[in-house]
Every structure is written in structure tokens, then in C-alpha cells.
Amino acid sequence: MLYYRKVLELHEEGVSLRGIASSTGNSRQKVTEIIQRAKKKGLVCPLEDDMTDQWIEKFLYPEKALEALGRQPLNFELIHEELAKPNVTLSLLHHEYEAECRLNHKIPYSYRSFVRHYSRYAEKYKATLRIRRKPGEIMEVDWAGSTASVVDRDTGEKIKAYLFIATLPCSQLSYAEATFSMNLRSWITAHRHAYEYFGGVTQIVVPDNLKTGVTRHTARELVLNPVYKEMADYYHTVVMPARVRTPHDKANVEGSVGILSTWILAALRNTLCFSLDELNQAVWEKLEEFNKRPCTRKKGSRFLAFEEEEKFALSPLPYPPYKMSEWKTVRVRPDYHISVESMFYSVPYEYINQQIEVKLSDDFVEIFFNHMRIASHPRLYGKFGQLSTLRDHMPEHHRLYVDQTPETAQDWAEGIGSAAVRLVRYILATYQTEKQALQVIFSFKKLERRYSKYEIERACKTAFSITERPTVKILQTILKNHKKSDAEQERKRQNESNNDSYGFTRGASYYGGKDEQ
């Protein structure tokens, strides 16, 4: 038997490794190994009277007791580390252990003994036992059955507050937050704060079948609330609700609800809070006390177990934090706008009378048809009835009308000619209101659909040669007359060319004969 106790005591007194090795008759390598193992397992001086060399050896080298039985010793540290990895089970590790024993020609432990020895090791030396729950795998969430209250300063009325609780089953670390409502916004916000408190995201979220999170849950179908599903997708986690009327599917949070109802709600029963922030500050103080309270059955606390055994397995938080969106289903109006909270937003006119989905966030309104985004607008606030209309969503004739301004009208006329510019300026100067003038110019611009720019410019020159006050009606008449006269001249030209047509003929001399002349 090595003098484990003497090695640790001499080291505590400051004796060098060489001196300890000389005094105990052990090598310096062995002395170093004993000291390092003791530090790793938290065994420090002064030692208790019952900590004999046999006790210390069993504590520092638990595998020696197993090796004495003639079996292949178990590497408990490796087993514990491997169990933290996704999809790794004790059954798989035992299979690998048996394969290693066959290669080393050793006798393996049976699966039951393998599990029993690991369980004893984990319960004695580790904060968590990884047989049932893997670190970073699940977060269970629920509302507490009991409620807290906030006192209204003006009326003295007690306003009910509900307690949201999230628990990590592996380390049993919990988060709690009070809200005035159990609606969807409070539910999503509490999830986001829970992730921030834990400093990471679990692979799975297990809620109850409450309506704010789960729309329908049967043996064949699971339909989540669209906002809840969107939040889960944003945090790259999966929502797996507990089965209906099966509370043991989330037994850890059910247990935490009862414990935290005592440690937080009951403890604050005589505390007066005059705002939700003040209540939550008191809740978080009690929560911190609860999470750092020493466990009764094993060494350490929930917070220590989380730091040592689970924090590393959480996925990192995405940046920026999730902003909640609300989904609505509406129908597109005949004016190619939708009405959302008394504000109007345009969509492409092709979707008139179609039923579409609208995603509302604090800053934007996004519009979807068959899961494809067809439009987005900055969200409008303030006076009811405001419009957000995009030019690209309009039919062509609406676009032409909306584009009418004095500047655009003159720019268009410059592309026609100087006479057209003169006519546009005359119309703008003649009418008392700009709106009337632009309506007349709009009728003028529509002539471009039937006539070329040359024809319009020529008609404008003709109109000014006839009268000093030309109108669009006069211009239309001139264009028709020009069209008719141009057509008549074209026919006359064709007739003349047909009458003047002739051919060349060869004379008799070409064929060897004599001309009559």
C-alpha cells in the first residue's frame, strides 16, 4: 500500500517532490500523479481522520478495485465524456468495451455490471448522471400553477402575474420569469430570456400542449403555432411537445414548478412589488439562491453542475436575438392593397382577391403567397388609414397616372420635340389647378399609343399654326386628318407608279432579222 495520506500532507507542508519521494520511498512520477489526481478530484488538506490510505486509494483509483477482480478495468472518465456526445449510449460504449477486451484477451464486465459501476462512479464523483439525460439536449418549459401579484400604486389593486419556468434536465438548472399574461408574446419572450440566461440553446424544447404553442397534437399530426415554429427554426432547435395528459414526459420541469413555487412564490408572499420589473428582480434573486443552493444528495449545486457538466454542450446563441413576429391571413382588396390593423399595404395587382399570409414584426410587414414572399413594407404606425404603395405593384395604366408630375410631363415632351414641349407648357400655364393640367397632359400622352413621335410633333406644329389656343381635342382631329391624307397620298403614289411601269424589249436584229427601219 502506498502512503497516500503522507504524500498529500507533505505536499501541503511545502516539501519538494524529491523530498516526498525520498521520505515515502516512491518515485517522483508516482508522487506527481497522486498529487494531480487529488487536485482534480478536489481532495485537499487538512484530511479527515477517517481518510485512510485505503480510503484515499479507492477514491483516487476506483478502477483498481475492479482490476483486482480479474476483469478489464473501466475508464470512467472516458465513459462520462463520451456519454455527453449526441446519440452515444451506454449500450454502444459497452459494445466497444467488449471489443477492446477481446483484443486484449481480457474478461469484460456484463452490461448490467458495466451500468452499475458507472452509476456508482457518477453519483459519487460527478455532478450529473448521463444515463437518462444528455447535456445540452433538452429544455423543458411550463407555466407554474400558482401566481404572484403586483400592487397598483394608485388603486392598491393586486394584479395577477404568472410564472414561466424552464429547466435543463441534465443539470437541473432552472430559469423563472414573471409576466402579466400567458399569451404568445409573453411565451416567446420568456423563451428568449431563458436562452440568454443559460447562455446557449438546447437541441430540443419540450413544452406542454398549450394553445399558444401547439395548434394541434394528435397521434398522427403535430401542428405548431407558426410563430413558435419560426422561433424554434431561428434558434435551430426542435419543439417536441409532451404527449397529451402525460406529464411525466416533462417530469423535470413539473418537479421544478413545485419546488420553485415554494422557493420563489411562497418566499415572496409577504413582499410588495409595485411593478413587473420589481417583481422579476425579486424572482431572479430567489432563483439565483435556488440554483446555487447545495444539493442534498450529492456534492455541489445546480449551477455548479451546469458549469461543469452541461454548459459546454449548448449551441451558441444566434445574433441578433429573435424578434417576435405575428402571422395573419387576409384577402387582397380590389385596389391591390391589404388591410392590417387599419393600415394599408400594396401587393402585386395579379393577387387581387387572393388569400395571403402576412408576417408582422416590429419594423416590417412581409406578405407571402403559397410560402413565397411577394412583398414587404416598413410597418406603419400612428394615424389610421395610412397607405404604403409600391409603384411596381400597380397595373400599367395606374402607373402612368401616378407618374404624372409637371417635371415628368416636360421630360416626356422633350423626347417628342420642341412643339410638344410648347404645348405641354401651354397646358400647365392655362389651367388653374395642377391636377386638371396633368389630367389633360395624361390624355395627350396616351396619343403615343396610336401615333409615332414624328406624327405627334407634326400635329403640334400644325395646331399652333391654326390657333393660339390648341387643345388635345384639336390635336386628335389633326392627327386623324394627317393619317387620312397620308393614306390618300400613299394610294395616289402607288397608282402613279403602276401606270408608269414598262419593260424593255429586244429588237429583231437581236434574233438575226432586219429591223423595219
Side-chain angles (χ1 to χ4, degrees), residues 136-143 162 164-168 175 177 179-218 220-244 249-250 253 314-332 338-341 343 345 347 351 354-381 388:
E137 183 182 33
I138 294 176
M139 179 178 77
E140 298 177 0
V141 293
D142 202 358
W143 294 103
Y162 305 92
F164 169 87
I165 296 174
T167 299
L168 302 178
Y175 171 76
E177 179 179 348
T179 66
F180 279 140
S181 171
M182 291 194 291
N183 60 14
L184 184 61
R185 180 170 291 277
S186 300
W187 179 250
I188 297 295
T189 303
H191 275 69
R192 192 184 75 207
H193 292 167
Y195 287 136
E196 292 171 357
Y197 178 80
F198 295 138
V201 183
T202 58
Q203 300 172 26
I204 301 170
V205 180
V206 180
D208 210 341
N209 287 276
L210 69 172
K211 287 297 183 183
T212 50
V214 181
T215 304
R216 185 165 58 254
H217 188 190
T218 64
R220 296 183 178 180
E221 186 180 23
L222 170 62
V223 180
L224 298 176
N225 182 291
V227 180
Y228 196 30
K229 185 178 184 302
E230 182 185 60
M231 184 214 72
D233 292 341
Y234 186 84
Y235 283 105
H236 304 291
T237 188
V238 177
V239 178
M240 295 179 62
R243 290 169 294 174
V244 179
D249 280 0
K250 51 183 183 64
V253 74
L314 297 177
S315 301
L317 289 170
Y319 183 83
Y322 173 75
K323 289 187 176 180
M324 180 183 162
S325 301
E326 184 180 356
W327 288 84
K328 292 189 175 183
T329 301
V330 298
R331 190 173 293 277
V332 182
I338 59 171
S339 175
V340 179
E341 296 183 354
M343 302 294 182
Y345 305 90
V347 301
Y351 296 96
Q354 294 289 344
Q355 190 164 299
I356 59 175
E357 293 180 324
V358 182
K359 176 184 174 184
L360 296 171
S361 64
D362 293 338
D363 303 319
F364 293 98
V365 174
E366 296 177 88
I367 303 166
F368 295 82
F369 180 74
N370 288 341
H371 307 292
M372 180 181 68
R373 188 171 69 175
I374 59 174
S376 64
H377 298 264
R379 188 164 182 179
L380 299 174
Y381 292 97
S388 176

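Residue numbers start at 1 and run along the sequence shown. Since the model is a prediction, treat every value here as computed from it, not as a measurement.
Contact of the Trp187 side chain with the Pro207 side chain is registered, since non-hydrogen atoms from C-beta on lie closer than 4.5 Å. Within the 4.5 Å cutoff, no side-chain heavy atoms of Glu177 are placed close to those of Tyr197. Residues Lys323 and Ser361 are not in side-chain contact: their nearest non-hydrogen atoms beyond the backbone lie 4.5 Å or more apart. Residues Tyr234 and Val201 form no side-chain contact, since every pair of their non-hydrogen atoms from C-beta on lies 4.5 Å or further apart. Counting heavy atoms from C-beta outward, Ser315 and His236 have side chains that stay 4.5 Å or more apart.
Counting non-hydrogen atoms of other residues, nucleotides and ligands closer than 6.0 Å to NZ of Lys328 gives a total above 12. No more than 12 heavy atoms of other residues, nucleotides or ligands shown are found within 6.0 angstrom of CZ on Phe364. Counted within 6.0 Å of CE on Met240, heavy atoms from surrounding residues, nucleotides or ligands total 12 or fewer; the atom is thus considered open.
For the atom pair CD of Gln355 and CG of Asn370, the computed distance is 11.0 Å after rounding to the nearest 0.5 Å. Distance check: Leu314 CG to Gln203 CD gives 9.5 Å after rounding to the nearest 0.5 Å. For the atom pair CG (Asn183) and OH (Tyr162), the distance works out to 10.5 Å, reported to the nearest 0.5 Å. The CE atom of Met324 sits 6.0 Å away from the CD1 atom of Ile188 when rounded to the nearest 0.5 Å. Here the CE-OH distance, from Met231 to Tyr322, works out to 7.5 Å after rounding to the nearest 0.5 Å. Atom CD of Glu366 is separated from atom CG of Leu360 by 9.5 Å, given to the nearest 0.5 angstrom.
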Could you go step by step and tell me if His191 and Phe164 meet the side-chain contact (heavy atoms from CB on, under 4.5 Å) rule? CA-CA 9 Å; His191 275 69; Phe164 169 87; 3.8 Å; yes
Does the pair Tyr175 and Met139 meet the rule for a side-chain contact (heavy atoms from CB on, under 4.5 Å), with working shown? CA-CA 10 Å; Tyr175 171 76; Met139 179 178 77; over 6 Å; no
Might you work through the side-chain contact (heavy atoms from CB on, under 4.5 Å) test for Asp208 and Trp143, ending with a clear yes or no? CA-CA 9 Å; Asp208 210 341; Trp143 294 103; over 6 Å; no
Intermediate values then yes/no, side-chain contact (heavy atoms from CB on, under 4.5 Å), Met343 and Tyr381: CA-CA 8 Å; Met343 302 294 182; Tyr381 292 97; 5.7 Å; no
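Judged by distance alone, the side chain of Thr237 and the main-chain N or O of Thr202 form a donor-acceptor pair under 3.5 Å.
Ring-plane geometry between His377 and Tyr345 is classed as tilted, the angle between the planes lying from 30 to 60 degrees on a 0 to 90 degree scale.
When the side-chain hydrogen bond (donor to acceptor under 3.5 Å, both in side chains) test is applied to Lys229, the partners found at least two apart in sequence or on another chain are Asp233.
Ala166 approaches Val141 most closely through the heavy-atom pair CB-CG1, 3.8 Å. When all heavy atoms of Trp327 and Pro226 are compared, the closest pair comes out as CD1-CB, 3.9 Å.
Electrostatic pairing of Arg379 and Glu341 counts as a salt bridge here, judged by a charged N lying under 4.0 Å from a carboxylate O.
Just one of Val330, Ile338, Val332 meets the side-chain contact (heavy atoms from CB on, under 4.5 Å) condition when paired with Ile367; it is Ile338.
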